Structures are given as C-alpha cells and as structure tokens.
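Okay, structure first, notes after.
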Amino acid sequence: MENKIIYYSDELNDEFAGDSIQPRKIDESYDYGNASFGWTMKSFFWYRIVALPLAKLYLSLKWHHKIVNKKVLRPYRKTAYFTFANHTHFIADALVPTLLNFPKKVFVIVHPNNVSMPLLGKITPYLGALPLPDNIPATRNFMDTIKLRVQQKKVIHIYPEAHIWPFYTKIRPFLDMSFRYPVQYKAPTFCYTDTYQKRRFSSTPRLVTYIDGPFFPPEDLSAKEQRKWLRDRCYAAMCERAKNNNVEMIKYIKKENGND
C-alpha cells in the first residue's frame, strides 16, 4: 500500500474511489425521509443501535482514531450547524461525522452512489445520507429536507472536495457552492481535517481528526461574498491541519501534459 502511486490530471474532478456502482436517478419519487414516527424509529435503530457502535469499534480498533478540539462543538449542541471535511477514506468518511458530532445526529450530502448499492443503499438513508437530486422537483424535495433538518437542529455534513482520493495528505482545491447552505440559514460553520500519523509499533497509521471553527461570515458581505469567505476560511484551516500528516500510504503525482 505504501508503494502505490496514483497519477491524476484534475484535482477537482478525478475520482479514485475504486467502485463501479451505477447510480440511481434521484427524481421526485425519491423519499428523503420525514418526521413520521415510522421513519424516525427505523432511523433510530440503524443510526443509534447499529451504526454508532460499529463506527466506534472500527475506528478505534483499526485506526486508533483520535479527535482533537471537539470542545468547539459543545456550545452548539442545541442548534443546527454545518460541517465540511476532506474526503480521503471510503469507510471512515462515512463514520467519522457520526462520532465527531455525537450525540447530535448527522445528515450527509452524498453522491447518488451512496444510496444505489443493492443492500446497503436501502439502509444509508436511515443513516443520514442525503443524495444530490437529478431534476428540479427532486431539488425542491432536497431543499425542503435540508430546511427540515436545520429546524430540527441537526448537523449537515458536506465533503466539498466531492471525490474520494484515498489517504491523500493534502487538501484539494474546492468550490464555494456548497457553502451556500450555512449562509442561507445563518448557521455556524465548522471544518474538520482527517490526517494520517505514524504509530510506534504498527505500519497502520493513526487517524487523527482536527476540528476548527465556528466560522461566521461578516454580515455586511453579499451572500456570494459570504459563501467565498466561508470557503476560504475552511480551506485555510484544513491546509494548516493537513501539515500534521506524516504518513504517505499512496503517492499522488500529477500527469505531465501529453502523458497518458
């Protein structure tokens, strides 16, 4: 694993998740979940009874996971907020937000791939997966769901890099579009950065997560300017935290022009 090299050409759009899932179409028929008793009970079972203990077990035993600066979240336990993070692990990225924000429930904006798997895809919505919509009616449902979860004072999590680069130790450039949500709802914004660090007696690195924030954009800026302000603050904080990486399990090399 430590000798693997991946060549890339586009930091914004290259994807290295390694799956071949055919994404389902997220149209107006897709059920994003609601406040009904039945949906809430199913969500409680899969999220609290199944996913939370398994996440804790996997991250502790496999990665000796450590969270740094979690105290910054405590004053916001009774309000909705948004979190942003780097995207470097297919399994851990689905689990870290759950532990990071406990006891608050987290809803994660995801690619439709995450709800398209034959079995797990039927469970991930109860775990908080909110797939991006494919048409205008579905977009209305999606936005209504975001509004509902904010009203319920939940956490909305986003991976602004969008694509998984396994074990990547830097922060890829990302756009500011997804920062429109905290601007729209005037909600606190946090970012966290997963890093891979050496362990004394193991070749498997330790996963250490750093939390930064909250960030509140100046109110005298326009909505577009506030969106960029939040993006820039999160990007700078994540780049600084990424310097704590000291294990490179996969080396990423940018292709030279003209190379395959």
Side-chain angles (χ1 to χ4, degrees), residues 1-21 50-71 73 83-102 106 108 110-111 113-114 117 120 124 127 157-174 190-212 234-256 259-260:
M1 190 73 171
E2 53 269 22
N3 296 322
K4 185 175 182 179
I5 297 177
I6 290 179
Y7 293 91
Y8 69 91
S9 57
D10 186 346
E11 292 94 332
L12 285 176
N13 298 301
D14 283 355
E15 169 71 65
F16 300 111
D19 59 55
S20 56
I21 301 170
V50 178
L52 187 59
L54 289 178
K56 179 65 175 177
L57 191 65
Y58 171 78
L59 291 172
S60 296
L61 295 181
K62 175 67 176 178
W63 299 105
H64 287 239
H65 184 227
K66 178 182 178 181
I67 300 173
V68 177
N69 204 31
K70 187 175 180 179
K71 63 183 180 182
L73 299 175
T83 57
F84 297 79
N86 55 333
H87 209 4
T88 64
H89 198 286
F90 184 74
I91 299 176
D93 285 358
L95 304 178
V96 170
T98 301
L99 295 183
L100 196 78
N101 298 284
F102 180 82
V106 183
V108 185
V110 300
H111 188 277
N113 281 1
N114 291 268
M117 295 168 280
L120 190 57
T124 50
L127 300 180
H157 180 71
I158 300 167
Y159 288 104
E161 292 175 328
H163 304 282
I164 297 178
W165 285 27
F167 304 108
Y168 189 60
T169 57
K170 298 179 181 179
I171 305 301
R172 287 167 278 148
F174 49 79
F190 296 87
C191 64
Y192 74 76
T193 311
D194 285 333
T195 66
Y196 301 95
Q197 302 183 19
K198 292 178 182 178
R199 287 168 56 195
R200 189 172 182 181
F201 300 110
S202 176
S203 60
T204 301
R206 186 177 197 181
L207 178 61
V208 181
T209 302
Y210 297 88
I211 309 174
D212 289 288
C234 287
Y235 183 76
M238 292 164 70
C239 286
E240 187 63 29
R241 295 296 195 180
K243 294 177 182 178
N244 291 299
N245 282 290
N246 56 25
V247 175
E248 188 176 50
M249 299 179 71
I250 299 178
K251 188 176 184 64
Y252 288 82
I253 300 176
K254 188 164 188 175
K255 296 177 183 178
E256 297 293 337
N259 288 354
D260 294 330

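Only heavy atoms go into these numbers, but all of them, side chains included; no hydrogens, no water, no symmetry mates. The chain is numbered in sequence order, starting from 1. Keep in mind it's a predicted model, so treat the numbers as computed, not measured.
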Who are the salt bridge (Lys or Arg N to Asp or Glu O under 4.0 Å) partners of [X], not counting sequence neighbours?
X	result
K254	E11
D93	none
K70	none

Which residues pass the side chain to side chain contact (heavy atoms under 4.5 Å, CB included) test with [X], sequence neighbours left out?
X	result
S60	K56
K243	E240
N244	T195, Q197, Y210, R241
L61	L57

Sequence neighbours left out, what passes ring pair (Phe, Tyr, Trp, His ring centres under 6.0 Å) with [X]? Give chain and number order.
X	value
F102	none
H111	none
Y168	W165, Y252

- [ ] With sequence neighbours excluded, tell me which residues meet side chain to side chain donor-acceptor pair (under 3.5 Å) with T83.
- [x] H157
Open item on the list: Can you list everything that forms a side chain to side chain donor-acceptor pair (under 3.5 Å) with T209? Sequence neighbours excluded, please.
Closed with: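 Result, side chain to side chain donor-acceptor pair (under 3.5 Å) vs T209: H65, D194.
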